[in-house]
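Read through the structure below, which is laid out as structure tokens, and then see the notes.
By convention here, the first residue in the shown sequence is residue 1.
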Amino acid sequence: MTDLQPICALGAPTPRTARFGGLSLAENSDLALASVALRRGGSAPALPLPGPGEWVEADGIAAFWTGPEQWMVEGPGRAETDFAAEIATRAPGASVTEQTDGFVAFEAEGPAPAIVQLLERLVNVDAGRFGPGSATRTGFHHMSIFVIRRAENRLAILGMRSAAGTIWHGLAEAAERLEVAA
């Protein structure tokens with residue numbers, strides 16, 4: 001009998017990383033996710049809850065808007081914990097659902113101009129108006145993904161875990177083109 005070993009979304013025991021000139025891409029396997037939806041008549045949870053098109057972080061968690069009275073809450077470094085249960089205690093008037101294993105997260109980091117160029121090549125988003133603290137759901141190849149501008153020099157791409165390989169391929173292909181163009 002073989003012991004089961006955890007693997008990352010891309011199938012390896014450790015997260016994949018790659019460097020393209022000054023731009024780095026990394027699979028973020030430590031990010032916990034939970035969706036939060038307010039119930040009718042429920043009170044606002046004790047969580048940072050941004051408005052449409054926004055991402056905020058506070059008190060060791062972050063969140064982005066996904067729809068009217070709905071958010072995705074992120075727990076950096078908490079993928080191995082019961083993150084949804086932790087969030088549920090802070091959101092008694094909401095429905096909280098564990099999302100960690102359903103999604104894959106990739107982080108891009110580099111000089112701000114490279115992040116803007118990558119963003120422009122990846123998705124149909126106005127990069128000039130998509131500054132730090134912005135988040136949106138958009139199309140990428142044949143999939144739907146979330147794109148978050150965490151900082152001037154950091155961009156996150158979240159998509160369905162079942163499409164991890166396709167998302168990584170698209171990111172790496174776009175990053176390679178940036179290196180060639182540089």
Side-chain angles (χ1 to χ4, degrees), residues 4 6-10 15 26-109 115 119 122-127 129-152 154-168 170-171:
L4 295 177
I7 59 171
C8 295
L10 291 172
E27 180 181 9
N28 183 352
S29 64
D30 292 330
L31 185 67
L33 297 167
S35 60
V36 175
L38 293 185
R39 294 185 199 128
R40 187 174 304 155
S43 58
L47 298 167
L49 299 176
E54 296 176 341
W55 173 84
V56 296
E57 63 180 329
D59 302 324
I61 62 172
F64 56 94
W65 186 88
T66 58
E69 299 186 340
Q70 298 175 42
W71 300 267
M72 186 73 79
V73 181
E74 302 176 306
R78 294 188 179 118
E80 298 298 321
T81 68
D82 191 352
F83 184 65
E86 175 189 336
I87 296 303
T89 63
R90 295 174 65 176
S95 296
V96 178
T97 307
E98 177 64 47
Q99 299 290 333
T100 304
D101 290 336
F103 284 84
V104 62
F106 296 110
E107 307 284 340
E109 189 169 345
I115 293 296
L119 183 61
L122 291 178
V123 293
N124 188 19
V125 171
D126 182 352
R129 299 177 78 190
F130 198 78
S134 297
T136 192
R137 184 174 212 153
T138 188
F140 176 67
H141 290 253
H142 60 281
M143 304 162 284
S144 177
I145 61 168
F146 292 106
V147 179
I148 304 164
R149 185 81 181 268
R150 297 196 191 282
E152 285 289 332
R154 291 179 44 226
L155 187 68
I157 296 89
L158 281 67
M160 299 310 298
R161 185 179 177 98
S162 59
T166 303
I167 297 169
W168 179 266
L171 286 170

Tell me, with the steps shown, if Leu31 and Phe103 meet side-chain contact (heavy atoms from CB on, under 4.5 Å).
CA-CA 10 Å; Leu31 185 67; Phe103 284 84; over 6 Å; no

Determine, stepwise, if the pair Arg78 / Thr100 fulfils side-chain contact (heavy atoms from CB on, under 4.5 Å).
CA-CA 9 Å; Arg78 294 188 179 118; Thr100 304; over 6 Å; no

Pair Arg90-Asp59, side-chain contact (heavy atoms from CB on, under 4.5 Å): steps then yes or no
CA-CA 12 Å; Arg90 295 174 65 176; Asp59 302 324; 4.2 Å; yes

Should Glu74 and Phe64 be marked as a side-chain contact (heavy atoms from CB on, under 4.5 Å) after you check the CA-CA gap, both sets of side-chain angles, and the distance that decides it?
CA-CA 8 Å; Glu74 302 176 306; Phe64 56 94; 4.1 Å; yes

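Few gaps surround CD on Gln70; more than 12 heavy atoms of other groups in view lie less than 6.0 Å from it. Counting heavy-atom neighbours within 6.0 Å of Asp126 CG, excluding the residue itself, gives a total above 12.
Not counting sequence neighbours, Arg161 has no partner by the side chain to side chain donor-acceptor pair (under 3.5 Å) test.
Atom CG of Leu49 sits about 10.5 Å away from atom CD of Glu69, to the nearest 0.5 Å. Atom CG of Leu155 is separated from atom CZ of Phe106 by 12.5 Å, given to the nearest 0.5 angstrom. Rounding to the nearest 0.5 Å gives a distance of 5.0 Å between CD1 of Ile157 and CG of Leu171. Residue Phe146 holds its CZ atom at 15.0 Å from CZ of Phe140, rounded to the nearest 0.5 Å. From Thr138, atom OG1 reaches atom CG of Leu119 across 9.5 Å, with rounding to the nearest 0.5 Å. The distance from atom CD of Glu80 to atom CG of Asp30, rounded to the nearest 0.5 Å, is 7.5 Å.
Distance alone, capped at 3.5 Å, is enough to place a donor-acceptor pair between the Glu27 side chain and the Ala9 backbone. Arg149 places a side-chain N or O within 3.5 Å of a backbone atom of Phe130 that can act as its donor or acceptor partner. Judged by distance alone, with hydrogens and angles left aside, the side-chain atoms of Arg39 form a donor-acceptor pair with the main-chain N or O of Ala94 at under 3.5 Å. With Glu54 contributing its side chain and Val56 its backbone, the two residues share no donor-acceptor pair below 3.5 Å.
Of all heavy-atom pairs spanning Pro48 and Ile61, the tightest one is CD-CD1, 3.6 Å. Here the shortest heavy-atom pairing between Ala62 and Trp55 reads CB-NE1, 3.5 Å. Taking each heavy atom of Val96 and Ala84 in turn, the nearest pair found is CG1-O, 3.5 Å.
When each of Val36, Leu33, Val73, Leu158 is paired with Gln99, the side chain to side chain contact (heavy atoms under 4.5 Å, CB included) condition holds for Leu33 and for no other.
Arg137 and Thr66 are not linked by any side-chain donor-acceptor pair at a separation below 3.5 angstrom, with hydrogens and angles left out of the test.
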